[in-house]
Amino acid sequence: MPTPATTISGASLNRAQITELLASGKGAIVFDRCELDGADCSRLDFQHAEFVGCSLVETSFYAANLSRSKWRRCRGGQADFESAEIVDARFDACDLNNTNWRRARLASAAFTECKLTGASFEEAGHLGLAFEQCRLAGADLRRFSFRKARLNGLDFQDADLSGCDFRQAVFDECSLRDAHLKDTRFDGADLRGADIAGIKLGNAAMFKGAIISSRQAAEMMLELGLVVA
């Protein structure tokens with residue numbers, strides 16, 4: 001029979017206290033409305049832990065094990081998740097602006113209704129990673145694959161999408177406004193549900209076979225300096 005979870009509520013915790021909790025053998029830990037701002041949680045094992053309404057501003061989870069963890073309504077601006085193991089984790093309604101996910105393993109992780117403005121996902125492992133209803137404005141998502149994905153409510157405004165693969169993806173209520181699209185692929189993508197204002201058409205081949213609306217076609221013509229009469 002699994003050990004029941006232990007809930008820690010309203011506590012301000014440092015590394016020593018967190019390490020003691022994780023080593024207590026009391027099952028998964030639920031951090032409820034706890035403050036871990038600036039804490040050094042690098043290389044700690046948080047498997048199956050839950051974070052609910054926590055403050056994690058500038059907290060370091062460098063190389064930590066966060067697999068199958070759950071995060072709800074947390075505030076973690078500028079937190080560091082570099083090289084962390086985050087497989088099958090779930091993030092819901094979290095503020096994660098300007099966070100660092102460089103070289104993190106995010107396989108099968110999911111972000112729903114999260115703020116990820118300015119987040120860096122450089123060289124992150126992302127097989128099966130899912131975003132839904134997330135703000136990713138200015139984020140670094142270079143070389144991510146969204147091939148054949150259904151993208152719902154994603155704001156990629158001014159994001160670096162260089163080298164990304166959107167082939168056969170379907171966009172629904174998304175924004176690509178002013179995104180950086182060097183070597184990005186959209187072959188066969190359905191872009192009718194995307195705001196594509198400001199997209200530079202220096203390489204029209206990236207949109208080969210993509211589906212756009214008549215309104216979007218007119219916007220693209222304007223980008224080329226042409227007027228459709």
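This is a predicted model, so every value here is computed, not measured.
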message: If we ignore hydrogens and angles and just use 3.5 Å, is the side chain of Ser69 paired with the main-chain N or O of Ala49 as donor and acceptor?
response: no
query: Should the ring pair Phe156 and Phe166 be called parallel, tilted or perpendicular, given that the plane angle runs from 0 to 90° and is split at 30 and 60?
result: perpendicular
message: Just to verify, what does Asp195 make a side chain to side chain contact (heavy atoms under 4.5 Å, CB included) with, not counting sequence neighbours?
response: Ser175, Arg177, Ala197
- request: Hey, could you give me the CG/CG distance between Leu44 and Leu22, rounded to the nearest 0.5 Å?
  value: 6.0 Å
query: Does a side-chain heavy-atom distance below 4.5 Å link Trp71 with Leu96?
result: no
query: Which residue pairs satisfy the salt bridge (charged side-chain N to carboxylate O under 4.0 Å, His left out) criterion with at least one member in residues 83-95, sequence neighbours excluded?
result: Glu85-Arg105
message: By the salt bridge (charged side-chain N to carboxylate O under 4.0 Å, His left out) test, which pairs, at least two apart or in different chains, include something from residues 150-159?
response: Arg135-Asp155
- line: Rounded to the nearest 0.5 Å, the CZ atom of Arg147 sits from the CG atom of Asp187 at a distance of 8.5 Å
- line: Scanning both residues in full, the closest heavy-atom pair of Cys41 with Thr59 reads SG-CG2, 4.0 Å
task: May I have the step-by-step check of side-chain contact (heavy atoms from CB on, under 4.5 Å) for Leu176 and Phe186, ending in yes or no?
output: CA-CA 12 Å; Leu176 291 166; Phe186 290 97; 4.0 Å; yes
query: Can you check whether Phe207 reaches Ile212 side chain to side chain, under 4.5 Å on heavy atoms?
result: no
query: side chain to side chain contact (heavy atoms under 4.5 Å, CB included) with Ser60: which residues, sequence neighbours excluded?
result: Asp40, Ser42, Tyr62, Asp80
- request: Only counting residues at least two apart or in another chain, list the ones meeting salt bridge (Lys or Arg N to Asp or Glu O under 4.0 Å) with Asp160.
  value: Arg142
query: Side chain of Thr7, backbone of Val30: donor and acceptor closer than 3.5 Å?
result: no
- prompt: Which residue pairs pass the salt bridge (charged side-chain N to carboxylate O under 4.0 Å, His left out) test with at least one member in residues 52-64, sequence neighbours excluded?
  reply: none
Residue pair Ile8 / Cys34, side-chain heavy-atom distance below 4.5 Å: yes
message: Keeping Gln216 on the side-chain end and Ser213 on the backbone end, is there a donor-acceptor pair under 3.5 Å?
response: yes
- prompt: Quick check: are there more than 12 heavy atoms from other residues, nucleotides or ligands sitting under 6.0 Å from CD of Glu173?
  reply: no
field: Shortest non-hydrogen separation from Ala169 to Leu151 and the atoms involved
entry: CB-CD1, 4.4 Å
- prompt: Listed by chain and number, what are the side chain to side chain contact (heavy atoms under 4.5 Å, CB included) partners of Leu127, not counting sequence neighbours?
  reply: none
query: Under the salt bridge (Lys or Arg N to Asp or Glu O under 4.0 Å) test, which residues partner Arg167, sequence neighbours left out?
result: Asp165
field: Rounded distance [0.5 Å steps], CZ in Arg185 versus SG in Cys164
entry: 12.5 Å
Short side-chain to backbone donor-acceptor contact, Asp140 and Glu122, under 3.5 Å: no
message: Using the rule given for side-chain contact (heavy atoms from CB on, under 4.5 Å), can you reason through Thr99 versus Leu116, listing the C-alpha separation, both sets of side-chain angles and the distance that settles it, and then say yes or no?
response: CA-CA 7 Å; Thr99 42; Leu116 289 155; 4.1 Å; yes
- request: Mind listing the closest non-hydrogen atom pair of Val52 and Cys74 along with its distance?
  value: N-SG, 4.2 Å
- prompt: Tell me, which pairs form a ring pair (Phe, Tyr, Trp, His ring centres under 6.0 Å) where one or both residues lie in residues 92-120, sequence neighbours left out?
  reply: Phe81-Trp101, Phe91-Trp101, Phe91-Phe111, Trp101-Phe111, Trp101-Phe121, Phe111-Phe131
- request: Show your reasoning for whether side-chain contact (heavy atoms from CB on, under 4.5 Å) applies to Arg33 and Ser9.
  value: CA-CA 6 Å; Arg33 294 170 287 111; Ser9 297; 4.0 Å; yes
- line: For Arg103, the side chain to side chain contact (heavy atoms under 4.5 Å, CB included) test, sequence neighbours excluded, returns Ser83, Glu123
query: CZ of Phe46 to OG of Ser67: how many Å apart, nearest 0.5 Å?
result: 12.5 Å
message: If we ignore hydrogens and angles and just use 3.5 Å, is the side chain of His126 paired with the main-chain N or O of Ser145 as donor and acceptor?
response: yes
- request: Kindly give the heavy-atom pair with the smallest separation between Ser12 and Gln17, and that separation in Å.
  value: O-OE1, 3.5 Å
message: Run Phe171 and Asp190 through side-chain contact (heavy atoms from CB on, under 4.5 Å) and show every step you take.
response: CA-CA 6 Å; Phe171 290 78; Asp190 186 344; over 6 Å; no
Non-hydrogen atoms of Ala124 and Leu106 that approach each other most closely: CB-CD1, 4.1 Å
task: Flag yes if more than 12 heavy atoms outside Arg192 fall under 6.0 Å of its CZ atom; otherwise flag no.
output: no
field: Steps toward side-chain hydrogen bond (donor to acceptor under 3.5 Å, both in side chains) verdict (Asp183, Ser162)
entry: CA-CA 6 Å; Asp183 299 325; Ser162 302; over 6 Å; no
field: Partners passing side chain to side chain donor-acceptor pair (under 3.5 Å) against Thr19 (at least two apart in sequence or in another chain)
entry: none
- line: On a heavy-atom basis, the closest approach of Leu21 and Ile29 is O-CD1, 3.9 Å
- line: For Gln78, the side chain to side chain donor-acceptor pair (under 3.5 Å) test, sequence neighbours excluded, returns none
statement: CG of Asn65 to CG of Asp45, rounded to nearest 0.5 Å, is 4.5 Å
- prompt: Does the Asp172 side chain pair with the main chain of Cys174, one donor and one acceptor, at a distance under 3.5 Å?
  reply: no
task: Enter the distance from Leu13:CG to Arg15:CZ here, rounded to the nearest 0.5 Å.
output: 13.0 Å
